[in-house]
Amino acid sequence: MLNKIMVRDKFDIKSVPDYKESVKRSKVSLIIKNFKLDKKYQGIGKGLTFCVRTYGCQSNFKDTEHINGILSKLGYKYEPEILKADLIILNTCAIRENAEKKVFGEIGFLSKLKKTNPNILFGICGCMSQEEHVIEKIMNTNNNINFIIGVHNIDELPEVIYDVIKNKKKVIKVLSRSKSIVESIPSVINSKIKSFVNIMQGCDNFCTYCIVPYVRGQMHSRNKDDILKEVNNLIKQGYKEVTLLGQNVNSYGIDLQNKSYRFWDLLEDVAKTNIPRVRFVTSNPWNFDLKIVDVMKKYSNIMPYIHLPVQSGDEQILKRMNRKIAIKEYIKKINYIRKNIPNVAISTDIIVGFPNESDKAFNNTLKLYKKVKFDNAYTFIYSPRSGTPAARIQDKISLEIKQKRLKKLNELVKKYSKENNEKYIGKTLKVLVEGYSKTNNKNFTGYSPNWKVVNFLGKSKIGNIVNVKITSASRFSLNGELVI
């Protein structure tokens, strides 16, 4: 628990994170309610601007869309340049130590703005706000943050800002556990082409290295009717692609009253809406049911791309990570996926240097990577997160060894990413056009069904799905020409 006595004179502490509360899991169903903006909060941002800087995963970016929507309802106008905004919010990530360091650096920099313009409001939200040590550090060392809000009560942002403005108080309101699922929160989606759709919140897996179950809380699934309603509304607005979002989408439905309705059923129902493209992230391999593959095989609008994080290729390391799958079982699932979806692209996550990882264990990871030949991998050196079981392990492996291992693994990642991309040379792919290429504004860019970046010559409208013949490939992208 935090030492509130030290900081009570600085902040109005309504609630702070408590890991003992955040790890509790109960069978009580959440209250489902609709977002409603109290009249007294309307217009409090009139004539003012805001900017939200987002760090981390897709869940954070989805939260930012809701924050943008709420602030717009309050009368604020979006300002893309953070230094010009009247209200600045950092939506933070806690997954690795480097992410935290980056945010604290940003906090220090932005806090200096208050010296030249004390009327600027400065807020923190996201996963870092759910960490006990982060809140304590902010409260005891930084006086320039006006409010901190948690991931479980973003819908209360109007009330918090109102308190800050009207009552001239610094406010902390961070719930440790979800109290409700709030539907109909306003959103401002940056893209007019594709959108994330939350199907659940939280995670109950408790991998020993991972902070997510502590900061995102207990897993709760949204009602399927609310999800399908959201997808159909996006279709009416002209969206071409949705990505179903969850910390582990495979677990969708196990907490609902109708336990027979699972993720593969939802995936099929979303495909039946006939939206041109459906994707999903992320899947934990241990409960990746092959029924998901069977549904993907049935519907051409479910994109042939699967992100299946393995984290390590060594059995003992997986056990210590609390990753509940054997390597043979993982390979068996990969083989089934490729047999039934021949053009599928598969990516993964791998952690290098989990505490006391031996040379043999690391070599087993390399062995697995060479066998599977992933299209891509997100690779990281293990980062201890305060409060997780793995952080308490005394690690004898030096950072230098871990860095050498990461370099060796990334050589494989580069090799197979390029080889997999080169397989598309001479083929014609359907590409959802998203805009102009960052490297050449005369070319268009978009994504293939297999989640490959495709840059191409030819005229097209943004939002169209066009045929592109691939002429060359690099590790990161494909290049081609529009086929008319």
Show me the side-chain donor-acceptor pairs of residues 231-240 shorter than 3.5 Å, one per line, residues at least two apart or across chains.
{"from": "N232", "atom 1": "ND2", "to": "L228", "atom 2": "O", "distance (Å)": "3.0"}
{"from": "N233", "atom 1": "ND2", "to": "K229", "atom 2": "O", "distance (Å)": "3.4"}
{"from": "Q237", "atom 1": "NE2", "to": "N233", "atom 2": "O", "distance (Å)": "3.3"}
{"from": "Y239", "atom 1": "OH", "to": "S191", "atom 2": "O", "distance (Å)": "2.8"}
{"from": "K240", "atom 1": "NZ", "to": "G463", "atom 2": "O", "distance (Å)": "2.6"}

Pair F122-I145, side-chain contact (heavy atoms from CB on, under 4.5 Å): steps then yes or no: CA-CA 5 Å; F122 187 17; I145 292 173; 4.0 Å; yes
Sidechain-backbone polar pair: T445 side chain, S437 backbone, donor-acceptor under 3.5 Å: no
Over 12 non-hydrogen atoms of neighbours within 6.0 angstrom of NZ in K402: yes
Counterpart residues, side chain to side chain contact (heavy atoms under 4.5 Å, CB included), relative to K24 (two or more places apart): E21, R177
Side-chain touch L30/K179, heavy atoms, less than 4.5 angstrom: no
Worked verdict on N287 versus N248 for side-chain hydrogen bond (donor to acceptor under 3.5 Å, both in side chains): CA-CA 9 Å; N287 66 344; N248 179 19; 3.2 Å; yes
Carboxylate-amine/guanidinium contact R279 E241, below 4.0 Å: yes
Whether N376 side chain and S347 backbone form a donor-acceptor pair below 3.5 Å: no
Atom pairs and distances, donor-acceptor, side-chain atoms in residues 199-206, under 3.5 Å, two or more places apart:
{"from": "Q201", "atom 1": "NE2", "to": "S178", "atom 2": "OG", "distance (Å)": "3.0"}
{"from": "D204", "atom 1": "OD1", "to": "R25", "atom 2": "NE", "distance (Å)": "2.6"}
{"from": "D204", "atom 1": "OD1", "to": "M219", "atom 2": "N", "distance (Å)": "3.0"}

Evaluation steps, salt bridge (Lys or Arg N to Asp or Glu O under 4.0 Å), between R385 and E100: CA-CA 10 Å; R385 311 309 300 130; E100 273 192 21; 2.5 Å; yes
Donor-acceptor pair, side chain of R323 and main chain of C207, under 3.5 angstrom: no
Stepwise ring pair (Phe, Tyr, Trp, His ring centres under 6.0 Å) test for Y436 and F444: CA-CA 4 Å; Y436 292 96; F444 283 94; 4.6 Å; yes
For F380, all residues meeting ring pair (Phe, Tyr, Trp, His ring centres under 6.0 Å), sequence neighbours excluded: none
Residue pairs fulfilling salt bridge (Lys or Arg N to Asp or Glu O under 4.0 Å) with at least one residue in residues 73-83, sequence neighbours excluded: E81-K84
Verdict with reasoning, K452 to D375, per salt bridge (Lys or Arg N to Asp or Glu O under 4.0 Å): CA-CA 9 Å; K452 305 288 184 181; D375 284 71; 2.7 Å; yes
Intermediate values then yes/no, salt bridge (Lys or Arg N to Asp or Glu O under 4.0 Å), K36 and D155: CA-CA 9 Å; K36 187 176 181 181; D155 60 300; over 6 Å; no
Any residue meeting salt bridge (charged side-chain N to carboxylate O under 4.0 Å, His left out) with R222, in chain and number order, not counting sequence neighbours: E183, E230
Derivation of the side-chain contact (heavy atoms from CB on, under 4.5 Å) call for Y382 and M321: CA-CA 11 Å; Y382 166 74; M321 287 179 166; over 6 Å; no
Pair F263 and F280, ring centroids less than 6.0 Å apart: yes
side-chain hydrogen bond (donor to acceptor under 3.5 Å, both in side chains) evaluation trace for T208 with N322: CA-CA 6 Å; T208 59; N322 195 31; over 6 Å; no
Test side-chain contact (heavy atoms from CB on, under 4.5 Å) applied to F50 and N68, step by step: CA-CA 9 Å; F50 78 93; N68 291 347; 3.2 Å; yes
Test side-chain contact (heavy atoms from CB on, under 4.5 Å) applied to L71 and I161, step by step: CA-CA 10 Å; L71 293 177; I161 293 177; 3.6 Å; yes
Step-by-step salt bridge (Lys or Arg N to Asp or Glu O under 4.0 Å) determination, D226 to K224: CA-CA 5 Å; D226 291 321; K224 70 166 184 174; over 6 Å; no
OH/Y78: more than 12 non-hydrogen atoms of other groups inside 6.0 Å: yes
